[in-house]
Structure formats: C-alpha cells, structure tokens
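Lettering of chains follows the sequences in order, A, B, ..., and the numbering in each one begins at 1. The basis for the numbers below is simple: all heavy atoms, side chains too, and nothing from hydrogens, waters or symmetry mates.
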Number of protein chains: 2
Amino acid sequence: MAKVSIKEVAKQARVSAATVSRALSTPKLVNDKTLTRVLKAVKDTGYKPNRFGASLRTQKSGNVVVVMPDITNQVNAGIIRAIENEAMQAGYSVLLGDTQNIEARESHYGDMVTSGQADGILVFTPRIPFPVDENRQAFHDLPPLVNSCEEIPDDNINKVLIDNKAGAMAAVNHLISLGHKRIAAIKGPSFTPSTESRLVGYKEALNDAGIVIDDRYIITGDYGTDSGVVAMEKLLRLKNRPTAVFCFSDDMAIGAMNTLREYDFKIPEDISIMGFDDISYAKLMSPTLTTIKQPLEDIGRESMRMLLALMKGEQTTCKSITLPFELVIRQSTGPVPTS
Amino acid sequence: MAKVSIKEVAKQARVSAATVSRALSTPKLVNDKTLTRVLKAVKDTGYKPNRFGASLRTQKSGNVVVVMPDITNQVNAGIIRAIENEAMQAGYSVLLGDTQNIEARESHYGDMVTSGQADGILVFTPRIPFPVDENRQAFHDLPPLVNSCEEIPDDNINKVLIDNKAGAMAAVNHLISLGHKRIAAIKGPSFTPSTESRLVGYKEALNDAGIVIDDRYIITGDYGTDSGVVAMEKLLRLKNRPTAVFCFSDDMAIGAMNTLREYDFKIPEDISIMGFDDISYAKLMSPTLTTIKQPLEDIGRESMRMLLALMKGEQTTCKSITLPFELVIRQSTGPVPTS
DNA sequence: ATACTAAATGAAAACGATTTCATGAGTTGT
DNA sequence: ACAACTCATGAAATCGTTTTCATTTAGTAT
C-alpha cells in the first residue's frame with residue numbers, strides 16, 4: 001500500500017534503478033523484454049514515482065500557481081476552469097491561490113514560484129506577488145509569469161487582457177444611442193486597473209457625445225452584489241436621478257437591479273442598467289441583463305498557453321495580447337424615458 | 001535572483017548548513033548571535049528554502065488536494081474559499097482539482113496523495129479517486145481523506161455531510177403546508193448520492209402526507225441552470241401541471257423560473273418554486289428564491305479541520321459529521337392557487 | 001583541579017528520483 | 001578475425017534539505 005521506492009521495483013525486476021527510471025520516462029531506451037518485466041514489477045508493487053525526488057533532480061515541479069483575488073466570483077471561476085483544462089493537457093497541475101486581495105497571501109503564493117515549488121505563475125491581481133529586482137531589464141529576468149485581467153503597470157511583463165476602456169466606451173455609447181444623457185457609473189475599487197481603464201472609457205464616451213461629467217454620478221463599489229445594492233441606493237437619492245447606470249460588473253448590476261425592484265422602479269422603462277462580464281446569470285435575470293461579454297474561456301486558455309510557452313522557453317519576446325469583448329444587448333436597457 | 005541554496009547561506013554566515021536549517025525551522029536551538037548572523041545572510045542572499053529538498057527528507061509536502069466536480073458552481077466556490085482559508089492558517093497549500101466528473105481527472109488528482117505530493121485529500125465527488133485495497137478494514141488504511149457533500153458509500157471513510165434527505169423533506173413539507181398537492185421535483189443526476197438522498201426525502205414527505213407519487217413529476221437535470229430550463233419546459237407540457245416544483249439546486253430553480261417567466265406564469269401565484277443550496281444569487285432573483293440553505297463555509301471549514309486532524313494523527317476514529325441545513329422562505333413559494 | 005552536564009555546532013547520512021559516464025554484449029563491415 | 005559501431009545496462013553522482021550523532025566549548029558541582 002505504502003512507500004515503495006524505485007529500488008524495490010528495481011529489485012523485483014532484477015534491474016537497476018536507472019533502468020526503471022528509463023522504462024517509465026523514456027521507454028525507447030530500454031529493451032522490450034526488460035521493459036515488460038519492469039512494467040510488471042511496477043504494477044505488482046503499486047509503485048508511484050515520488051515527485052519530490054524527481055523534482056529535486058530535474059528542477060521542474062510540474063506545477064503552476066494561479067493567483068486570483070476571488071474565486072467565488074463567477075468570472076474568475078470560469079477562467080480557472082479554462083486554465084486548468086489547458087494546464088492538465090500539458091501535464092501541469094494547478095496550485096490555486098485565492099488571495100482575497102490580501103498582500104500576505106499573494107506573497108505566499110508568489111514564493112512558491114521563487115522557491116521552485118512551481119515552474120510558472122499566472123497573476124490576476126494588479127501586483128507581482130514577490131519581490132523583484134527593480135532595475136531589471138526584461139521579462140525574462142522574472143520566472144515565467146503571465147499577468148491577466150488586472151494589468152500590472154510594467155511593460156516588461158507578459159499580459160493577456162481585454163480592452164477595458166473600449167469595452168466601457170461601447171457600453172456607454174450603447175446607452176447614449178438610446179438617448180440617455182444622465183448616465184451614472186458604478187465602478188470598482190480604485191486599486192484595480194480594470195476599473196480605472198473602464199472609468200477612462202466611460203468619461204471619454206461621454207465627452208465625445210458632449211455630455212458633461214457629473215462626479216455625483218460616479219459611485220465606487222467593490223465588484224460584488226452587495227455593493228451594487230448600496231451604490232444604487234445612493235443614486236436614487238440624487239435630485240437629478242440618472243436614467244441609465246453602467247455597472248462595471250454584472251454582480252453590481254444585479255445588486256443595482258435588486259434595489260430598483262425594491263423601490264418599484266421599472267427596468268428599463270424608468271432606468272436602464274448595464275453590466276460588464278456576462279456571467280452565466282446575466283441572461284437569467286429578470287429582466288435579462290445587457291452587458292459587455294468577456295471571453296472568459298479564451299482568457300484562461302490564452303493565459304495558460306502563454307505561460308506554457310514561456311516555461312518551455314518557446315517565447316522569447318515579451319508579449320501582450322488583447323482579446324475581443326462583445327456588447328450583448330438584452331432587456332435591461334431601453335430608450336430614455338420621455339417624461 | 002535565482003538558485004541560492006542553503007550552502008551559500010551557510011558560507012556567508014560562516015556556519016554549517018545544519019545551523020542554517022535550524023535557524024530557520026527551530027531557532028531556539030541556535031545561539032542568538034549566530035542566529036542574527038544567519039538571518040542576515042538569508043536576507044542578503046535572498047534565500048528561499050527549496051521545498052522539494054525539504055519534502056524529500058521529511059516526507060511531508062505541505063499540500064492538500066481538493067477534488068471537486070465543478071468549481072464554476074457557486075456552491076463549490078464558496079466551499080473552496082473556506083477550505084483555503086483554513087488550510088492556509090495551518091500552513092498548507094491547496095491543490096485544486098476540477099474534475100468535471102471525468103474519472104481520469106479524479107485519478108490524476110488522487111495520485112497526488114498516493115505519490116506523496118500531497119499529505120491529504122478532500123473528496124467532493126462520490127468516488128475515491130485512487131485504487132484502494134478493497135479488503136481494507138479501517139479508515140486509516142487510506143491516506144488522510146475526508147469525503148464531503150457527495151457521500152461515498154463506504155463506512156470506513158471520514159465524512160462531512162448535510163442531511164440531504166431531511167433537507168428535501170423540509171422543502172416538500174414547506175410546500176405541503178402551503179396546500180400544494182401536485183409537487184414536482186427537478187432532481188440531479190442519478191450518480192450523485194446527494195440527489196438520491198433528496199429524492200428519498202421528497203418521496204417520504206409526500207408519502208407521509210398521503211400524496212401519491214407520480215413519476216411524471218420527477219425530471220432529471222444536471223444541477224445546472226440550462227437543465228432547469230429544459231426540465232421546466234417538460235413539466236409545463238403535462239396535462240396536470242404541478243402547482244409547485246422542488247428543484248434540487250438553486251441553479252436549476254433559476255433555470256425553471258426563467259422558463260416560467262418566458263411562458264408568462266406568475267411565481268408563486270401560478271406555480272411555486274423551491275431551490276436547494278442558497279447560493280448568493282438566490283436572494284437576488286425576482287422573485288427571491290425560497291430554498292434550503294447549505295452551510296457552505298461550515299462545510300469547507302469542518303472538512304479541512306478534520307483533514308488537518310487526520311494528518312496530524314490527532315483523530316484516531318472514523319468520524320462522520322452532519323451539519324445543519326436551514327429552510328429559507330422567500331418569495332418564490334406561496335399558497336396553492338385556488339382555481 | 002576533576003568530573004560531569006548542558007548548550008551550540010558541524011560532519012555526514014539519509015530521502016528518491018534522474019542522468020552522466022563507462023562498460024559489456026551484439027552487429028556489421030572489412 | 002578485428003575494428004568500429006550501436007544498444008542496453010549499471011554504478012555512482014547529484015539535486016537541497018533535515019536530522020542523527022559526535023564533538024567542542026563553557027559552565028557547574030564536587
């Protein structure tokens with residue numbers, strides 16, 4: 001049942017440990033007859049190679065770390081799944097780090113890659129989770145690292161992003177095209193670059209349409225449903241209520257819709273609501289939620305593929321790829337009310 | 001930046017590798033003056049202990065594996081978070097396995113614990129993910145293992161469960177108390193023990209109330225939203241439509257509600273809907289969803305704690321703990337329609 | 001001063017794999 | 001029959017820790 005090492009197998013098969021190792025990792029190097037003998041011994045003894053022994057020697061762990069701020073978030077969960085599919089196909093295991101935006105946790109997971117416990121790292125938080133040499137010159141002065149979704153402000157880092165600014169502009173332009181002029185925003189926390197980009201897009205779209213920006217229309221949430229509830233309550237208290245609200249996440253939009261329902265506002269007749277993400281529940285809401293779709297699966301897949309390329313040494317230049325978003329129009333947005 | 005081993009530190013600090021090791025793991029064994037010298041050297045060199053070396057020697061990995069069928073599921077995501085919090089506090093890292101009910105994947109992650117890459121395993125699927133000696137006698141003939149949520153039919157396994165049968169009975173009894181007699185069920189896949197238990201509870205509650213069970217009222221889904229949509233469509237086609245539907249997951253309930261909305265049924269005036277889980281979106285639906293609340297955080301925490309106790313050798317008997325559920329009454333259920 | 005204990009340290013032996021290097025056994029070509 | 005191969009294999013070094021065991025040094029009791 002328990003601890004059977006390569007030597008036991010070697011003894012059983014009447015060969016050396018070296019041959020057993022070869023039989024398992026490079027079978028072409030060993031004679032057919034001995035190979036079958038070894039394989040039988042492996043089976044008989046129930047031998048499982050100890051990964052630590054191997055890793056110690058090869059300096060490869062077969063692990064990748066994924067650092068995420070919040071796995072309970074639907075957006076991230078979808079990404080994780082794609083990552084894991086891709087990693088598994090390539091023979092890697094995923095060490096998942098849910099950091100809840102706590103720096104100590106980020107470091108904990110970051111250390112795994114600096115200490116050799118993982119061969120690469122996928123970073124979905126806006127910080128590199130380990131100390132770096134600040135006068136480094138290029139991306140290969142770091143361990144294999146890919147930064148996704150929340151952009152780290154550093155040009156020497158590989159990235160997989162969506163164009164948050166353009167996404168926000170598409171959202172706001174959609175509202176403008178419906179005749180809205182009083183367009184509020186429920187944004188995310190300022191420390192997330194995605195929020196900052198979307199905010200820029202929001203403002204630029206308004207500017208382009210000649211609408212003056214009113215700071216009272218910009219409320220900060222935390223991307224979660226509850227903060228959407230609170231933010232919407234604030235907006236309802238304004239003298240000049242907005243006729244449309246662009247929420248920087250579907251979750252906040254769902255919270256906002258809840259508040260509107262509670263106070264008997266009709267969506268979209270009284271107030272239009274837009275989300276961002278297109279989580280699976282967006283199309284199941286009542287009304288269904290108009291939103292900007294993020295290609296979650298693509299983000300996960302491309303991030304992992306880039307990391308794999310880095311780990312294999314196939315990618316020699318620093319890359320940043322931007323994936324397309326999509327405006328998904330559903331029921332929660334409509335023409336500006338006439339009254 | 002890179003590979004600095006304990007020897008380098010030793011040289012810098014003018015001590016032996018042994019002392020460095022002691023300084024880091026059992027500082028009380030080393031003289032104060034040398035300790036500070038070593039610590040300085042550690043800092044100067046940027047030394048990070050290589051986990052493989054240590055693990056190889058100590059036979060402890062500091063990892064636990066969590067095998068889950070679907071991390072995109074809100075229920076599971078909440079559990080994972082609690083697990084990770086608890087694991088981290090105890091100094092363990094979590095290797096997350098999203099198996100999507102594929103046996104090969106389960107084995108992949110199961111092997112991690114048999115091969116020593118992890119010290120224990122949390123199993124949320126209804127199978128042990130590695131080959132076992134079938135004539136084993138007790139739970140300690142396995143590596144540290146805790147089975148949660150989906151019960152593995154084996155008495156010699158540690159478990160953390162909720163009482164699915166009683167939960168289902170509570171749900172159905174709630175509907176019965178509202179006067180419903182034609183109560184349908186949208187269940188999960190038959191290979192999940194949770195579904196089977198809930199089905200037993202559903203039937204028993206009906207029996208107890210003297211309501212005869214009609215198989216046409218029992219539809220099988222896959223716990224996901226889409227299957228709730230399809231299942232509800234089937235129910236609507238019945239000549240004698242049910243007046244209430246008990247869905248074995250909130251996701252399926254949300255799908256079912258969507259179908260009802262599409263065909264202009266009023267919830268709960270025409271048809272009452274019940275869910276199971278109490279995911280965060282349940283209270284944000286319109287109408288808000290009546291459901292059976294699973295204590296997700298408790299499940300995660302208790303599972304991990306049990307595993308920790310097993311790994312430390314503190315738990316010497318096979319345990320099964322059952323956590324309480326809670327009936328959460330919201331808007332989606334109401335009195336049976338009179339017409 | 002002598003013997004004895006306690007504290008601090010180092011040398012060296014693990015842990016379990018992989019891989020280099022050397023060697024022996026067969027082939028083939030001359 | 002001998003050189004020059006290839007193929008299959010084993011011995012041994014190696015990866016980076018931890019930990020046992022022995023040794024040194026200092027301190028204490030006699």
**Student:** Specify the separation, in whole Å, of atom NZ of Lys7(A) and atom P of dA11(D).
**Tutor:** 12 Å
**Student:** If you look at every heavy atom in Ser194(B) and Tyr223(B), which pair is closest and at what distance?
**Tutor:** OG-OH, 2.9 Å
**Student:** Is the phosphate of dA14(C) approached by Gln59(B) (side-chain N or O, under 4.0 Å from OP1 or OP2)?
**Tutor:** no
**Student:** Can you pull out the residues from residues 16-41 of chain A that lie within a 4.0 Å heavy-atom distance of DNA chain C?
**Tutor:** Ala18(A), Ser21(A), Arg22(A)
**Student:** Just by distance, with hydrogens left out, do Asn158(B) and Gln315(B) show a side-chain donor and acceptor under 3.5 Å apart?
**Tutor:** yes
**Student:** To the nearest Å, give me how far apart CZ (Arg14(B)) and C1' (dA11(C)) are.
**Tutor:** 18 Å
**Student:** Under 3.5 Å, is there a donor-acceptor pair between the Thr125(B) and Glu150(B) side chains?
**Tutor:** no
**Student:** Mind listing the closest non-hydrogen atom pair of Leu95(B) and Asn63(B) along with its distance?
**Tutor:** CD1-CB, 3.9 Å
**Student:** Say you draw a straight line from CE of Met311(B) to CD1 of Ile121(B); how long is it, rounded to the nearest 0.5 Å?
**Tutor:** 11.5 Å
**Student:** Just the rounded figure in Å: distance from P of dG16(C) to NZ of Lys11(A).
**Tutor:** 13 Å
**Student:** What distance separates Ile79(B) CD1 from Ser303(B) OG, expressed to the nearest 0.5 Å?
**Tutor:** 7.5 Å
**Student:** Using a distance-only criterion (donor-acceptor N/O pair, under 3.5 Å, no hydrogens), is the base of dT18(D) paired with the side chain of Arg57(B)?
**Tutor:** yes
**Student:** Look at the side chain of Leu56(A) and decide which nucleotide, out of dG16(C), dT18(D), dG10(D), has an atom nearest to it.
**Tutor:** dG16(C)
**Student:** Could you tell me the separation between the CD1 atom of Ile6(B) and the C1' atom of dT19(D), rounded to a whole number of Å?
**Tutor:** 12 Å
**Student:** Roughly how many Å is it from CZ in Phe52(B) to P in dA14(C), rounded to a whole number?
**Tutor:** 24 Å
**Student:** Step by step, work out the side chain to side chain contact (heavy atoms under 4.5 Å, CB included) result for Val38(A) and Val15(A).
**Tutor:** CA-CA 8 Å; Val38(A) 170; Val15(A) 294; 4.0 Å; yes
**Student:** Whether the Asn85(B) and Glu297(B) side chains hold a donor-acceptor pair (N or O, under 3.5 Å, no angle test) is what I'd like checked.
**Tutor:** no
**Student:** In whole Å, what is the span from the CG atom of Asn50(B) to the C1' atom of dT18(D)?
**Tutor:** 13 Å
**Student:** Step by step, work out the side chain to side chain donor-acceptor pair (under 3.5 Å) result for Gln117(A) and Ser61(A).
**Tutor:** CA-CA 6 Å; Gln117(A) 200 176 171; Ser61(A) 68; over 6 Å; no
**Student:** Using five base pairs at each end, measure the axis-to-axis angle across the helix from dA1(C)-dT30(D) to dT30(C)-dA1(D) and round it to 10 degrees.
**Tutor:** 50°
**Student:** Check whether any side-chain N or O of Tyr47(A) sits under 4.0 Å from OP1 or OP2 of dG16(C), and answer yes or no.
**Tutor:** no
